[in-house]
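These notes concern the structure reproduced below.
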Amino acid sequence: MEITRTAAADYVELKLKGRLDAIWSDHVGRALAECVRAGEHALVLDMAEVDYISSAGIRILVIYARQLKAIHGRLAVINASSNVRTVLQLAGLSAFLQVGVGPARPAAEQATGVFALAQPGTQAEVYELDSQATLQVACLGDAAEWLSGRASPTACTGVDFPVPALGLGLGVLGSDPVIAGERLGEFLAAGGVAVCQPADGTQKPDYMLLQGALMPTVQVAYGLVGHGGFRRLLRFDKGPEQTSVPLSAVVRACLEAVASDAVGLVIVAETAALIGASLQKTPSRPAAEQARSIFAFPDVRDWLNFTAEPAFANTTSLIVGVVATAAGATRLPLLKPLISSGELHGHLHAAAFPYRPLRKGRVELAATVGPLFESEQVLGLLHLLNDWRIVNGAGESRFLRGACWCAPIDASPAEPPPASAALRETVEW
C-alpha cells in the first residue's frame, strides 16, 4: 500500500494505491491517526487506485469517519474505483463515507479575537462567553493540619459540583461522612464530573458524573472550590513551528485574556506530556511520627510518586486549577510557583484519558468533558509541577492543542492558614 499525503487549504488528501485489506488496514489507520493528531479534521481519501477493500479496511474507514463526525469533522472518499464503490454500496456505507462528495468543511463560529502565545508560531483564538462572569473561590480545610497528619478524617466538608463549579484538593468521592482516611486522595471537579485518585498506592482513579439527579459530591479535606461562570474560552494550538505548548504559556494567555491577576480555569487538551506528582498514601500517622515532615528525605519517596520523566504522552487531559501572577498569589492560599522566576503561581490537578481529538471552534464545557468518560478509563491523576532543575529536570506539562475556559477570581484578600514547615516544603513540589 502506497500513501501519498497532500495538504490543501481546508483539508488533507491521502491518495491510496494498493489493497486495503487486513495486512494494510493498520497502516492506513496510522496515517489517518497522524492527520487527526496534527489537528486535521477534514480528510479526503482518493481511492482511484485501490483495487480491493475487505471488511478490515472498511472497519478502519468507519472508525475514523465516526471519530471525525463526533468532532464536526469529516472523512470523505473520492474517485473510488469500481470495486471499492461496489463494496461500499453493498455495505450501505456510500452516504456515511460521503463517496464522491467534495471536501467542504462545515462553517464554524468566528472567534472574537486572536493573539499570539509566548512561543513563536503558537496562537489562541478567544471566544466571549459572559463578559461579566467571575468565579467566587473559597479555600476549604487546613492543609497544614492534613499534611502534618494531625487532622481527623471527620473534618471533611461535603461539596456538590454542578456544571458551573470547579474544585481541586484532597478529598474522597461521595456524600457519606468520612469515617476513616484511607480512601482520601487528590481530586478535581469541573463540568459536572469529579475524579479522585485514592492515596492507597493503587494509582487507580475513581469518578462520579452528573447523571439525572445524581450530583458529583466530594468530601473535601482541603482544597480550592469555585462557583460562578466562565468569561472566555481560549482555543490554543501549537502551530506548525512548535512540537508542543508549555503549560506556563497557556496560563499566561488566560491571565491576559481576562485581564486579571488571578484566574480559575478548566482545560481539556490533547496532551504531549504531563509532569507532576501524586500521593501514594494519605498523610495520617501516629502522633509520635507527626513531627517529621512527609516531604523530608528519604520519607518523601514513600509518600509521593513523582514523574521522573514526562508521563501520559499522547493522551487527552482534563485540567482544573487556580493560577495567578506573583501579586495575585498573595491573596490566594495553596498556590505555588509554576516557573523558576516566580512570576506565575498556581495549583493545578490533571486527569489523563485515552487520546480523543477535540472539536474545533467554540465548544461547551460539559459537552467536551463528558465524552472523555466514554472509554470508562481514567489513566491517572497528577498534581502538576514544573521540574525546572537544570540537570535532568523533566520540565513542565506540554500540550498539542486544547480548549480553556477561564474567568477572573472574585476573592477578597484573606490570610491563609498558618503554614507549618511541612506546608512550606510543598513549594518545591
Side-chain angles (χ1 to χ4, degrees), residues 141 143 146-149 151-156 158-159 161 167-190 193-209 214 216-223 271 273-286 289 293-295 297-321 347-356 369 372-385 387 394 397 422 426 429:
W146 283 98
L147 294 175
S148 66
S152 167
T154 59
C156 294
V159 180
F161 287 99
L168 68 159
L170 183 75
V172 62
L173 296 177
S175 57
D176 296 333
V178 179
I179 305 301
E182 66 270 10
R183 298 298 296 170
L184 285 168
E186 290 172 303
F187 80 91
L188 63 78
V193 307
V195 182
C196 180
Q197 182 166 284
D200 56 6
T202 63
Q203 305 293 307
K204 185 68 175 178
D206 199 2
Y207 59 90
M208 289 183 68
L209 309 180
L214 177 62
T217 302
V218 179
Q219 298 296 317
V220 179
Y222 72 83
T271 302
L274 296 178
I275 307 294
S278 58
L279 279 173
Q280 298 203 83
K281 55 184 180 179
T282 302
S284 58
R285 51 201 186 279
E289 301 178 12
S293 168
I294 68 172
F295 303 103
F297 186 82
D299 294 12
V300 66
R301 294 181 299 185
D302 296 327
W303 293 98
L304 294 173
N305 182 34
F306 292 90
T307 54
E309 56 187 24
F312 300 114
N314 299 319
T315 59
T316 298
S317 299
L318 169 62
I319 300 147
V320 178
H347 191 141
L348 302 106
H349 288 183
F353 299 82
Y355 176 78
R356 184 184 184 95
V369 171
L372 297 177
F373 294 85
E374 289 181 1
S375 68
E376 299 183 353
Q377 184 180 15
V378 186
L379 302 177
L381 190 149
L382 290 176
H383 177 130
L384 297 185
L385 307 172
D387 183 2
S397 301
T426 65
W429 71 275

task = Tell me, please, which residues at least two apart from T271 pass side-chain hydrogen bond (donor to acceptor under 3.5 Å, both in side chains).
result = S317
ask   = Which residues pass the side-chain contact (heavy atoms from CB on, under 4.5 Å) test with T307, sequence neighbours left out?
value = I275, A311, L382
request  = To the nearest 0.5 Å, tell me how far S397 OG sits from D387 CG.
outcome  = 11.0 Å
key: Worked verdict on T316 versus L372 for side chain to side chain contact (heavy atoms under 4.5 Å, CB included)   = CA-CA 8 Å; T316 298; L372 297 177; 3.6 Å; yes
message = D206: which residues meet the side-chain contact (heavy atoms from CB on, under 4.5 Å) condition with it, sequence neighbours left out?
response = L173
remark   = Distance col, row I319:CD1 vs L168:CG, nearest 0.5 angstrom, shows 12.0 Å
query = What is the minimum heavy-atom distance between A352 and T315, and which atoms define it?
reply = CB-OG1, 4.2 Å
request  = Go through M208 and V193 one step at a time and tell me if the side chain to side chain contact (heavy atoms under 4.5 Å, CB included) criterion holds.
outcome  = CA-CA 6 Å; M208 289 183 68; V193 307; over 6 Å; no
query = So, H349 side chain and F187 main chain: donor-acceptor pair closer than 3.5 Å or not?
reply = yes
inquiry  = Using modelled atom types and a 3.5 Å cut-off, is there a donor and acceptor pairing between side-chain atoms of Q219 and backbone atoms of S175?
reply    = yes
note = Taken in chain and number order and not counting sequence neighbours, the residues that satisfy ring pair (Phe, Tyr, Trp, His ring centres under 6.0 Å) with Y355 are none
request  = Report the residues that fulfil side-chain contact (heavy atoms from CB on, under 4.5 Å) with E374, sequence neighbours left out, ordered by chain and then residue number.
outcome  = R356, P371
message = Treating Q197 as the side-chain partner and L381 as the backbone partner, does any N or O pair qualify as donor plus acceptor under 3.5 Å?
response = yes
Between E186 and S278: side-chain donor-acceptor atoms closer than 3.5 Å = no
remark   = Those residues at least two apart in sequence (or on a different chain) that pass side-chain contact (heavy atoms from CB on, under 4.5 Å) with A189 are F161, A194
inquiry  = Using 30° and 60° as the class boundaries, would you call the ring planes of F353 and F373 parallel, tilted or perpendicular?
reply    = perpendicular
query = To the nearest 0.5 Å, what is the distance between CG (L170) and CG (L279)?
reply = 6.5 Å
ask   = Out of curiosity, K204 NZ to L379 CG, how far, rounded to the nearest 0.5 Å?
value = 8.5 Å
